[in-house]
Trainee: 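To start, I am sharing the structure in question, which I have written as structure tokens.
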Amino acid sequence: MTDIRVRIAPSPTGPLHLGTARTALFNFLFARHTGGTFIFRLEDTDQARSTEAFELDILEGMQWLGIRWDEGPGIGDEPERGAYGPYRQMQRLPRYAEAAAKLLAEDKAYYCYCSPEELEAERHRQEAAREPSRYNGRCAHLAAAERAAFDAEGRRPVIRFRIPERRVIAFDDIVRGHVEIDTNALGGDLVIVRSDGTPLYHFTVAVDDAAMAISHVIRGEDHLSNTPKHILLFEALGVPIPQFAHLPLILNPDRTKMSKRKSQTAVAAYRAEGFIPEAFVNYLALLGWSTGTEEEVLSEAELIERFNLSTVNSAGAVFDRERLIWLNGQWIRRLAADDLIDRLRPYVAGELAAGRIDWLPTDDEMHALMPIIQERLPTLASIGDLIGFIFRNDVDADVALLVPKRWDAATTATGLEAARATIAETGKGSWDAHGLEEPLRRLVEDRGWKAGDLFMAIRVAVTGRTATPPLFDTMVALGCGRTLARLDRAIEKLAGQATPNP
RNA sequence: GCCGCAUUCGUCUAGAGGCCCAGGACACAGCCCUCUCAAGGCUGAGAUCAUCGGUUCGAAUCCGAUAUGCGGUACCA
């Protein structure tokens, strides 16, 4: 059996895309499951659209996801790894030139002098005539003199690869089964080298997959129709044909191929929102594949152990953000407290930078908060909403929220004053949740109130909001002095409200 | 237009001829827990398995046609 070698080959013409990440993950899982090699190759031959910034985003995104390659470019100053390099296509130009020369020499490819305008016109004619669009082969058999004449005109030729007519290309796709496509549907002879001499995708992918001894080509379904071109190229190059596995597409809610116009496709954006890689990888793995069991929350190691290419689904899958959020919460809850605090740190710093909090909590303060916030964080970025009020100089409690539904402003003022006295008294001793709750519950009982009403009034006074982590722990985090100050401020506000105001 | 692929609850999926008048999860609703919000537990609603025809004693599962959707059809990847 030949060695299993798979690859992800993104092109740095945009930030790391969700779909690319998913394809990378499936390649990675397959390689790890089978003990094969996972290769990363940058397809940067589209010089007009490729940028270094996108390249960096892709490298960092992959690193963040924990999708580690055995061979491929290094990140930053790190050297590239692997014996089949270089792993950037722009550094492999001589190899494509060599392959093109070989095809030319064997008359499997030829120079074509048709201009983009002529091609365009021909396409329009075919469209109008309702013919399938394909290259008409005008330059397929040019005599040396004709070529010389075009050269003299200053025309810069492209190189076209000859696509045989009426031949059925068949292959057995690991996820889709047997597929047959007639070469007549391929659009005629294929441009493999641009007039500026740079190679095109279908060509480079075949040359590199062969050179890098790729055994399984695992990629998106959008390449299914292009596969015969690659098979033809492999044949012409005289190299073995790899196995293919075409993954289902990730879809927008309207079931079209996921695009940035309709959905958030940048992996970095999900990272910024506070999704954690464990959850993201878990979610992506379950888009188009499942273990066949009822397990849903799976670690990387578990995914690797269970992964199987042949049980990948063939139908496209809509990206479901709600489910991602749920999984993220599952994973956040499983984190060790110190780990979660580390991961939260940049988001807390972001709150400060945005002016939503006035100072940074200490690690000890964060640690104390963990038991009450860990199960309340759908994403890391939601930390500000959850506990930001603790780290602000003051909060502005809305009077309308301050007064519980069953109470009026006067009762609320009375309640808060009584609570303030009780809390102040407690503060002289131990300042802990149990120590606060007990006397306050006694107070409620003595006055014949409902606990919920008093507690809600205190909650709003002290936090400015109606939904918070548990009240007594929250007051503990706030400290006695600031709790009392906020109560005083709320009582003042209520007093202002109580004044008749026609 | 031509070619290809797909089609099970709103969504992700289980299902490889009898175990399925279809199971799980997210979302949704109700209840329990409860100081609010979460989390957790329980319950519920939600799928004529795209349609039609065939094979078979028996089909969500196999075959064919139709419909619909998507993808491809570049000197993009």
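Just so you know, these numbers come straight off a predicted model, no measurement behind them. Chain identifiers are assigned alphabetically (A, B, ...) following the order of the sequence lines, protein sequences preceding nucleic acid strands; residue numbering begins at 1 within each chain. No hydrogens, no waters, no symmetry mates; every other heavy atom, side chains included, goes into these values.
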Trainee: Any Lys/Arg nitrogen of R392(A) or E351(A) sitting under 4.0 Å from an Asp/Glu carboxylate oxygen of the other?
Mentor: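 Between E351(A) and R392(A) there is no salt bridge, as every charged N stays at least 4.0 Å from the carboxylate O atoms.
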Trainee: Determine the contact category for S314(A): base if any of its heavy atoms lies under 4.0 Å from a base atom, sugar-phosphate if only primed atoms, P, OP1 or OP2 are that close, otherwise nothing.
Mentor: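 Sugar-phosphate, no base atom in range.
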Trainee: Under 4.0 Å, heavy atoms only, any strand: does V158(A) hit a base, just the sugar-phosphate, or nothing?
Mentor: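 Since a base atom lies under 4.0 Å of V158(A), the category is base.
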Trainee: Could you tell me how far rC70(B) sits from rG15(B) if I compare only their C1' atoms? Round to whole Å.
Mentor: 24 Å
Trainee: At under 4.0 Å between heavy atoms, what does P469(A) touch on the DNA or RNA strands: base, sugar-phosphate, or nothing?
Mentor: base
Trainee: Ignoring hydrogens and angles, tell me if any N or O in the side chain of R486(A) forms a donor-acceptor pair with the backbone of V462(A) under 3.5 Å.
Mentor: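 Checking the backbone N and O of V462(A) against the side chain of R486(A), a donor-acceptor pair under 3.5 Å is found.
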Trainee: Check the distance between rG40(B)'s P and W326(A)'s CH2 and give it to me in whole angstrom.
Mentor: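 Going from W326(A) (CH2) to rG40(B) (P), I get 8 Å.
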Trainee: Now, which nucleotide makes the Watson-Crick or G-U wobble pair with rG58(B), with each of the two distances under 3.5 Å?
Mentor: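 WC or wobble partner does not exist here.
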Trainee: Do I58(A) and F40(A) have side chains that get closer than 4.5 Å, going by heavy atoms?
Mentor: yes
Trainee: Between R194(A) and rA74(B), is there a contact of a side-chain N or O with OP1 or OP2 at under 4.0 Å?
Mentor: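 R194(A) to rA74(B) OP1/OP2: no side-chain N or O under 4.0 Å.
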Trainee: Let's go through Y201(A) and H223(A) carefully: what are the C-alpha distance in whole Å and the side-chain angles of both, what is the deciding distance for ring pair (Phe, Tyr, Trp, His ring centres under 6.0 Å) to 0.1 Å, and is it a yes or a no?
Mentor: CA-CA 11 Å; Y201(A) 170 74; H223(A) 282 112; 5.3 Å; yes
Trainee: If you find the nucleotide of RNA chain B closest to V175(A) and the one closest to F472(A), which residue's nucleotide is nearer the 5' end?
Mentor: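 Per heavy-atom nearest nucleotide, the more 5' residue is V175(A).
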Trainee: Could you check which of rU11(B), rA77(B), rU13(B) has an atom nearest any side-chain atom of A317(A)?
Mentor: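 Comparing rU11(B), rA77(B), rU13(B) against the side chain of A317(A), the answer is rU13(B).
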Trainee: Quantified in whole Å, what is the C1' atom distance between nucleotide rG72(B) and nucleotide rA60(B)?
Mentor: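 To the nearest whole Å, 30 Å.
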Trainee: Under 4.0 angstrom, heavy atoms only, what part of the nucleic acid is G288(A) near: base, sugar-phosphate, or nothing?
Mentor: sugar-phosphate
Trainee: Distance check, P atoms only: rU68(B) and rC52(B), in whole angstrom units.
Mentor: 16 Å
Trainee: For a quick check of understanding: with a heavy-atom distance under 4.0 Å over all strands, which category does E127(A) fall into, base, sugar-phosphate or nothing?
Mentor: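 No contact.
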Trainee: Separation of L200(A) atom CG from rC75(B) atom P, in whole Å?
Mentor: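 Spelled out: CG on L200(A) to P on rC75(B) is 7 Å.
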Trainee: Let's see if you can work this out: which of rC75(B), rC70(B), rA16(B) has an atom nearest to the side-chain heavy atoms of T311(A)?
Mentor: rA16(B)
Trainee: Does a side-chain N or O of R333(A) approach OP1 or OP2 of rG40(B) to a distance below 4.0 Å, or not?
Mentor: yes
Trainee: Send over the distance from L287(A) CG to rA25(B) C1', rounded to a whole Å.
Mentor: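 Atom CG in L287(A) sits about 13 Å away from atom C1' in rA25(B).
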Trainee: Please list, chain by chain and in numerical order, all residues satisfying ring-ring contact (aromatic ring centres under 6.0 Å, His included) with Y270(A), sequence neighbours excluded.
Mentor: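 For Y270(A), the residues satisfying ring-ring contact (aromatic ring centres under 6.0 Å, His included) (neighbours in sequence not counted) are F275(A), F280(A), F319(A).
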Trainee: P470(A) near the nucleic acid: base, sugar-phosphate alone, or nothing, with a heavy-atom cut-off under 4.0 Å?
Mentor: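 Base contact.
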Trainee: Within the 4.0 Å heavy-atom criterion, would you say T256(A) contacts the bases, only the backbone, or no part of the nucleic acid?
Mentor: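 The answer is sugar-phosphate, as T256(A) gets under 4.0 Å only of primed atoms, P, OP1 or OP2.
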Trainee: Heavy atoms under 4.0 Å, any strand shown: does H223(A) hit a base, just sugar-phosphate, or nothing?
Mentor: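 The answer is base, as H223(A) lies within the cut-off (heavy atoms under 4.0 Å) of a base atom.
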Trainee: Sort out the partner of rA14(B) for me: Watson-Crick or G-U wobble, both distances under 3.5 Å, none otherwise.
Mentor: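 No nucleotide pairs with rA14(B).
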Trainee: Please give the nucleotide sitting opposite rU48(B) as a Watson-Crick or G-U wobble pair, both distances under 3.5 Å, or none.
Mentor: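 rU48(B) is paired with nothing.
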Trainee: Could you tell me whether the phosphate oxygens of rG72(B), OP1 or OP2, come under 4.0 Å of any side-chain nitrogen or oxygen in K257(A)?
Mentor: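 For K257(A), the contact criterion (side-chain N or O under 4.0 Å from OP1 or OP2 of rG72(B)) is met.
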Trainee: Can R22(A) be said to sit on top of F26(A)'s aromatic six-ring, NZ or CZ under 6.0 Å from centre and within 45° of the ring axis?
Mentor: yes
Trainee: Taking the C1' atom in each of rC63(B) and rA25(B), what is the distance between them to the nearest angstrom?
Mentor: 33 Å
Trainee: Check this one for me: any side-chain N or O of R255(A) less than 4.0 Å away from OP1 or OP2 of rU11(B)?
Mentor: yes
Trainee: Please check the phosphate of rC2(B) (OP1 and OP2 only) for any side-chain N or O of R130(A) closer than 4.0 Å.
Mentor: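 Answer is no, no contact under 4.0 Å.
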Trainee: rG69(B) C1' sits how many Å from D254(A) CG, rounded?
Mentor: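 So the CG-C1' distance, D254(A) to rG69(B), works out to 11 Å.
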Trainee: What interatomic distance, in whole Å, is found between P of rG64(B) and the corresponding atom of rA47(B)?
Mentor: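 Going atom to atom, P in each nucleotide, I get 30 Å.
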Trainee: What is the separation between atom CD on Q374(A) and atom P on rC37(B), rounded to the nearest whole Å?
Mentor: 21 Å
Trainee: Partner lookup for rA67(B), please. Criteria are Watson-Crick or G-U wobble with both distances under 3.5 angstrom; report none if nothing qualifies.
Mentor: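 Paired with rA67(B), as far as the under-3.5 Å criterion goes, is rU7(B).
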Trainee: May I ask you to decide whether R442(A) forms a salt bridge with D446(A), counting only side-chain N to carboxylate O separations under 4.0 Å?
Mentor: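 Salt bridge: no.
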Trainee: Between P on rU36(B) and NZ on K405(A), what's the gap in Å once rounded to a whole number?
Mentor: 10 Å
Trainee: Is there a Watson-Crick or G-U wobble partner for rC37(B) with both distances under 3.5 Å, and if so, which one is it?
Mentor: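 rC37(B) is paired with nothing.
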Trainee: Between rA65(B) and rC20(B), how far apart are the P atoms? Round to whole Å, please.
Mentor: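 My reading of the P atoms in rC20(B) and rA65(B) gives 32 Å.
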Trainee: With hydrogens left out and only the distance checked, is there a donor-acceptor pair under 3.5 Å joining S225(A)'s side chain and the base of rC3(B)?
Mentor: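 Answer no: no donor N or O sits under 3.5 Å from an acceptor.
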Trainee: Consider the side chain of R323(A), meaning its heavy atoms from C-beta on, and name the nucleotide among rG4(B), rC37(B), rC26(B) that approaches it most closely.
Mentor: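 Of the options given, the side chain of R323(A) lies nearest rC26(B).
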Trainee: Taking the same atom, C1', in rA27(B) and in rG69(B), what whole-Å distance lies between them?
Mentor: 24 Å
Trainee: Determine whether any donor atom in the side chain of R459(A) lies under 3.5 Å from an acceptor atom in the base of rC35(B), or the reverse, and answer yes or no.
Mentor: yes
Trainee: Within this structure, what is the CG-to-P distance between L454(A) and rC35(B), rounded to whole angstrom?
Mentor: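 So the CG-P distance, L454(A) to rC35(B), works out to 13 Å.
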Trainee: Of the nucleotides rC75(B), rC70(B), rU36(B), which one has an atom closest to the side chain of T468(A)?
Mentor: rU36(B)
Trainee: Taking only the side-chain heavy atoms of Q330(A) (C-beta and beyond), determine which of rC76(B), rA14(B), rG40(B) contains the nearest atom.
Mentor: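 Of rC76(B), rA14(B), rG40(B), rG40(B) is nearest to the side chain of Q330(A).
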Trainee: Considering only side-chain heavy atoms of A315(A), which listed nucleotide, rA14(B), rU7(B), rC5(B), is closest?
Mentor: rU7(B)
Trainee: Ignoring hydrogens and geometry, is there a side-chain-to-backbone donor-acceptor pair from N282(A) to L298(A) under 3.5 Å?
Mentor: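 Yes, N282(A) side chain to L298(A) backbone: donor-acceptor pair under 3.5 Å.
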Trainee: Taking only side-chain nitrogens and oxygens of N226(A), does any of them come within less than 4.0 Å of OP1 or OP2 of rG71(B)?
Mentor: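 For N226(A), the contact criterion (side-chain N or O under 4.0 Å from OP1 or OP2 of rG71(B)) is not met.
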Trainee: Measure the distance from CD1 on I423(A) to C1' on rC35(B) and round it to the nearest whole Å.
Mentor: 13 Å
Trainee: For D196(A), report the nucleic acid contact type (base, sugar-phosphate, nothing); a contact means any heavy atom under 4.0 Å.
Mentor: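 Result for D196(A) = nothing.
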Trainee: Got a salt bridge between E417(A) and R420(A), using NZ or NE/NH1/NH2 to carboxylate O under 4.0 Å?
Mentor: no
Trainee: Nearest nucleotide by nearest heavy atom, which residue falls closer to the 5' end of RNA chain B, L186(A) or F455(A)?
Mentor: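 In this pair, the answer is F455(A).
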Trainee: Around R156(A), counting heavy atoms of other residues, nucleotides and ligands shown, do more than 12 lie under 6.0 Å from its CZ?
Mentor: no
Trainee: My understanding is that a pair needs two contacts under 3.5 Å, Watson-Crick or G-U wobble. By that rule, which nucleotide pairs with rC19(B)?
Mentor: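 Base partner found: none.
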Trainee: At less than 4.0 Å, is any side-chain N or O atom of T45(A) found next to OP1 or OP2 of rA77(B)? Yes or no.
Mentor: yes
Trainee: For rC2(B), which nucleotide is its Watson-Crick or G-U wobble mate, given both distances must be under 3.5 Å?
Mentor: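 rC2(B) is paired, partner rG72(B).
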Trainee: Nearest to the I181(A) side chain among rC37(B), rG1(B), rG4(B), which nucleotide is it?
Mentor: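 Nearest to the side-chain atoms of I181(A), counting from C-beta on, is rG4(B).
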Trainee: Can you tell me how far P in rC37(B) sits from the matching atom in rG30(B), rounded to whole Å?
Mentor: 13 Å
Trainee: Has S290(A) got a side-chain N or O lying under 4.0 Å from the OP1 or OP2 atom of rA14(B)?
Mentor: yes
